[in-house]
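The block underneath contains the structure these notes are about, expressed in structure tokens.
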Amino acid sequence: MLTEAQRQRKRRRRRRIQISLVALLILGVIGFFVARPIRNSIRGWQARRHAQHAFAFIDQQKWSDARDEATAAYRLQASEPDAIRAVGRLLSRAGQGEALEFWKNLRTIAPLTREDLRDEARVALRVNDNARADEAASELLEAKEGGPNPTDWLIAVDVQLRKHSFDQAQGLAEKVLASPKANRREQSQANIALDNIARNAGPTSSIDIAKIDERIVALSKGDDDVSLDALTFLAARAAAAPTESKPPLPIDQLIESINRHPLAKAPHQLLAADLEIAQHRDQRDEILRRTIEHWKGGNNESLTALAAWLYRNGEQQRLVEAISLDRALQTRELFLQYVDALAALSRWDEIRRIIESERFPLDPVIEHMYLARCFQQQGQENGAENNWQRALKDAAGDLNKLLTLGEYAEKNGAERVATTAFEAAAVANPKSRQAQQGRLRIAYSARDTKRVHAVLQEMLKIWPYDTAIQNDEAYTHLLLIIGGTSSVSSQTPASNPPLSASSSPNSNPESSSEAEAVDAIVKLAEKMVRDEPASLPHRTLLALALLKQNRAQDALAVYANLKVPSNAVSASAVAVHASVLAAAGRKDEARTEIAKVPSNRLLPEEAMMVLPLRGT
């Protein structure tokens, strides 16, 4: 029994409850759709904050802090452009090829800044991904965002040098020198680049070496890091120059300038000591004694530099006399230098005792590597094999350890172990350029053309736009076709003779698939030669493909107007050029040329190709 007033209050209360429930439902629905964007927005803000901290630490070269901040940014929001940029920049400054994947991902969601492009180009050059470097450099040369500037031109110079496009590289370097914005370091880099271009382009170069020398000598005056770099460059060039050549700065003056420079450290002054020894060979022992006395009491960094210098000069005995074992045990680098000196002196028992005593806590992989070599040198094959296997086991799954093991085993003739290590490294990280190059070196060392081609095919899948890999894959494919062992020409009889100066490339019928493959290689080579006309490998590929088509004169014309420094000519390039000369009727020149190349530097198909030229 309620009064009218009570019933009205009850109805109002019920309506308020209903309205509240509806409001809560609406808020719940709104919250469901809005909460995620808000959460993502907060996480994105936090990621950008961490990324900004990472950029600051990178600029200050505080790498550990930068890594922590960049990792935190990426974990918070992997799709945030600044988070990707922070990781890409950190990896680029560390010279790690994995950075390229982050720059690729960033391109899909945001434009790359000039700083991004510079980092991308530099790391691409470092890992020999010339196609990516060329793409980034081309963007840097575009007139936008206030560019290009001297830094951009210098990066483009490096790219053009990789492509052997010396004229383009020279033009870009001269732009740097003509720019009022170029600082002393950029001027120094441009002059060094021009010196490099002039020496690689040969006598036909229009570059005035004397003017370059004059500018570098001027830059060497002062007490900053640029002047020290200029002095170091002059010293390195003087050390490599013929004794009769006249240096731009008198050697004694150069030595004194380096030794008196306020920023010069042990490596710089040891380079000056190299010059002094070369200048005064009759005083070698005295210079060595004086240098050892000066540096043997230095800090660990200086002592490590001294050890490396003595080892490089073949003074391993002086090294172990100057550096005590107790001092060598202070750092890993110095300890390994000491052990390497003992190895050069064949003191294997001593090395085993030091390592097995565990006085220095070596990484197990390195410990077993050295023990394997000790046992190997002492003729104890079982002990060597056991330690190689233990090193492989300890390195399993760790890219850096596998690479270290592979390179050490390769250097010391344990090719089977090196093969296993590089293969495992490629499994751990298929995009590791170092791992793939290791696999390739081992295949070349074994002179196994099929294996070389298989590795190049795998690399081409990972780096499809790398012209060097494209070139080498097509070249080895062509060699297999010539040798009658390519899967493309499986219908060709095994007795098909190899291409040589005395046998026509088309002396046996080709299958249509083989002919199509050769046509495709010709088209690819023609395109690469158009894009990089100064590249000898590209012209070598085109010449061999044309020779396979029985077009000897066209193949010979491929080499017209080609300027190639002698130190850039490979054994393969000589073999192909000699074959082309012989096919064009110039057999005497061909014989003279191929006589300079030993057969063991050629792949089997190349060796068979030039075999008729080695006879009388």
### Check against side chain to side chain donor-acceptor pair (under 3.5 Å), R43 and Q46
CA-CA 5 Å; R43 290 170 69 90; Q46 291 175 323; over 6 Å; no
### Shortest non-hydrogen separation from A308 to Q337 and the atoms involved
CB-NE2, 3.4 Å
### Task
For residues D223 and L263, determine if any side-chain heavy atom of one lies less than 4.5 Å from a side-chain heavy atom of the other.
no
### Task
Measure the CD-CD1 distance between Q187 and I192 for me, rounded to the nearest 0.5 Å.
12.0 Å
### Message
Please evaluate residues N299 and S302 with respect to the criterion side chain to side chain donor-acceptor pair (under 3.5 Å), reporting the C-alpha separation (whole Å), side-chain torsions for both, the decisive distance (0.1 Å), and the verdict.
### Response
CA-CA 5 Å; N299 58 28; S302 298; 2.9 Å; yes
#### Entry: N-O pairing of D158 and R162 below 4.0 Å
no
### N-O pairing of D229 and R185 below 4.0 Å
yes
### Query
Under the 3.5 angstrom rule, does the side chain of E415 hit a backbone N or O of E410 as a donor-acceptor pair?
no
### Message
Quick check against the 3.5 Å criterion: does D472 have a side-chain atom that pairs as donor or acceptor with the backbone of I469?
### Response
no
### Task
Check for a donor-acceptor pair, side chain of R89 on one end and backbone N or O of D119 on the other, with a separation under 3.5 Å.
no
### Query
Do the non-hydrogen side-chain atoms of V123 and L91 ever get within less than 4.5 Å of each other?
no
### Query
Is atom CZ of R126 surrounded by more than 12 heavy atoms (other residues, nucleotides or ligands) closer than 6.0 Å?
no
### Task
Return the minimal non-hydrogen interatomic distance between D129 and D466, and the atom names on each side.
CA-OD2, 3.8 Å
### Task
Looking only at non-hydrogen atoms, find the nearest pair between V176 and A182 and report the distance.
O-CB, 3.3 Å
### Message
Within the 3.5 Å criterion, strictly below it, is a donor on T108 or N105 matched to an acceptor on the partner's side chain?
### Response
no
### Task
Would you sort out whether R451 and E423 count as a salt bridge (charged side-chain N to carboxylate O under 4.0 Å, His left out), showing the intermediate values?
CA-CA 13 Å; R451 182 62 188 150; E423 292 290 345; 2.6 Å; yes
### Distance-only side-chain donor-acceptor flag, S92 / W103, under 3.5 Å
yes
### Message
Quick test of your reading of the model: are R416 and E385 salt-bridged, counting only N-O distances below 4.0 Å?
### Response
yes
### Query
CD of E356 to CG of L371: how many Å apart, nearest 0.5 Å?
5.5 Å
#### Entry: H368 side chain to V365 backbone, donor-acceptor under 3.5 Å
no
### Query
Hey, is D394 close enough to R390 for a salt bridge, meaning N to O under 4.0 Å?
no
### Message
Set out, in order, the CA-CA distance, both residues' side-chain angles and the distance that settles salt bridge (charged side-chain N to carboxylate O under 4.0 Å, His left out) for R132 and E101, then state yes or no.
### Response
CA-CA 11 Å; R132 287 288 292 275; E101 194 64 27; 6.0 Å; no
### Query
Do Q436 side-chain atoms and P430 backbone N/O form a donor-acceptor pair below 3.5 Å?
yes
### Task
Decide, yes or no, whether a salt bridge links E80 with R85 under the criterion of side-chain N to carboxylate O below 4.0 Å.
no
### Query
What is the distance from atom NE2 of H477 to atom CD of Q457, rounded to the nearest 0.5 Å?
7.5 Å
### Query
Heavy atoms, side chains only, cut-off 4.5 Å: are E458 and K461 in contact?
no
#### Entry: Where A136 and L117 come nearest, the two heavy atoms and their spacing
CB-O, 3.8 Å
### Task
Salt-bridge test for D531 and K163: reply yes if a basic N is under 4.0 Å from a carboxylate O, no otherwise.
no
#### Entry: Salt bridge R107-E139, side-chain N to carboxylate O under 4.0 Å
yes
### Task
Give a yes or no on whether a salt bridge exists between K523 and E526, defined as a side-chain N under 4.0 angstrom from a carboxylate O.
no
### Message
Taking L524's backbone N and O only, do any of them form a donor-acceptor pair with Q470's side chain (distance below 3.5 Å, no angle check)?
### Response
no
### Query
Considering only heavy atoms from C-beta outward, does the side chain of T449 approach that of L480 to under 4.5 Å?
yes
### Query
Can E367 and K401 be counted as an ion pair, charged N to O under 4.0 angstrom?
no
### Task
Could you check whether the rings of Y408 and Y370 sit parallel, tilted or perpendicular, using 30° and 60° as the cut-offs?
tilted
### Query
Mind checking whether Y338 and L329 have side chains closer than 4.5 Å, heavy atoms only?
no
### Query
Closest approach of A66 and I58, non-hydrogen atoms and distance?
CB-CG1, 3.7 Å
### Query
Is the closest side-chain donor-acceptor distance between R327 and N300 under 3.5 Å?
yes
### Query
Just wondering, do S179 and W153 contact through their side chains at under 4.5 Å, heavy atoms?
yes
### Task
Salt-bridge test for R48 and D82: reply yes if a basic N is under 4.0 Å from a carboxylate O, no otherwise.
no
### Message
Has S357 got a side-chain atom pairing as donor or acceptor with I354's backbone, closer than 3.5 angstrom?
### Response
yes
### Task
Compute whether any side-chain donor of one residue and acceptor of the other, for Q170 and Q160, lie under 3.5 angstrom apart.
no
### Task
Check whether the side chains of N429 and E98 place a donor and an acceptor atom closer than 3.5 Å, and report yes or no.
yes
### Message
I'd like to know if the side chain of H53 reaches the main chain of D68, judged simply by a donor and an acceptor atom lying under 3.5 Å from each other, with no hydrogens or angles considered.
### Response
no
### Task
Answer yes when D363 and R332 have at least one side-chain N-carboxylate O distance shorter than 4.0 Å, and no when they do not.
no
### Step-by-step side-chain contact (heavy atoms from CB on, under 4.5 Å) determination, H538 to L542
CA-CA 6 Å; H538 295 344; L542 179 56; over 6 Å; no
### Task
Test L479 against V452 for side-chain contact (heavy atoms from CB on, under 4.5 Å), laying out the working first.
CA-CA 11 Å; L479 286 180; V452 170; over 6 Å; no
### Query
Would you call T540 and S572 a side-chain contact if the rule is heavy atoms closer than 4.5 Å?
no
### Query
If only atom types and distance count, is the side chain of T476 paired as donor or acceptor with the main-chain N or O of E473 below 3.5 Å?
yes
### Message
Before you tell me yes or no, could you show the steps for Q269 and W295 under side-chain contact (heavy atoms from CB on, under 4.5 Å), namely the whole-Å CA-CA distance, both residues' side-chain angles and the distance that decides it to 0.1 Å?
### Response
CA-CA 10 Å; Q269 295 190 11; W295 292 109; 3.3 Å; yes
#### Entry: Rounded distance [0.5 Å steps], CG in N471 versus CG in L541
5.0 Å
### Task
Might you work through the salt bridge (charged side-chain N to carboxylate O under 4.0 Å, His left out) test for R118 and E115, ending with a clear yes or no?
CA-CA 5 Å; R118 289 167 189 151; E115 192 66 21; 3.3 Å; yes
### Query
Distance-only, no hydrogens or angles: does the S165 side chain make a donor-acceptor pair with backbone N or O of Q168 under 3.5 Å?
no
### Message
Is any side-chain heavy atom of R441 closer than 4.5 Å to one of F422?
### Response
yes
### Message
Is there a side-chain contact (heavy atoms from CB on, under 4.5 Å) between T71 and Y74? Walk through the geometry before answering.
### Response
CA-CA 5 Å; T71 302; Y74 194 71; 5.9 Å; no
### Task
Measure from NZ or CZ of R433 to the centre of the six-membered ring of W463, then state whether that distance is under 6.0 Å and the direction lies within 45° of the axis.
yes
### Query
If you look at every heavy atom in R539 and P533, which pair is closest and at what distance?
NH2-O, 2.7 Å
### Query
Which value, rounded to the nearest 0.5 Å, describes the distance between L177 atom CG and L194 atom CG?
6.0 Å
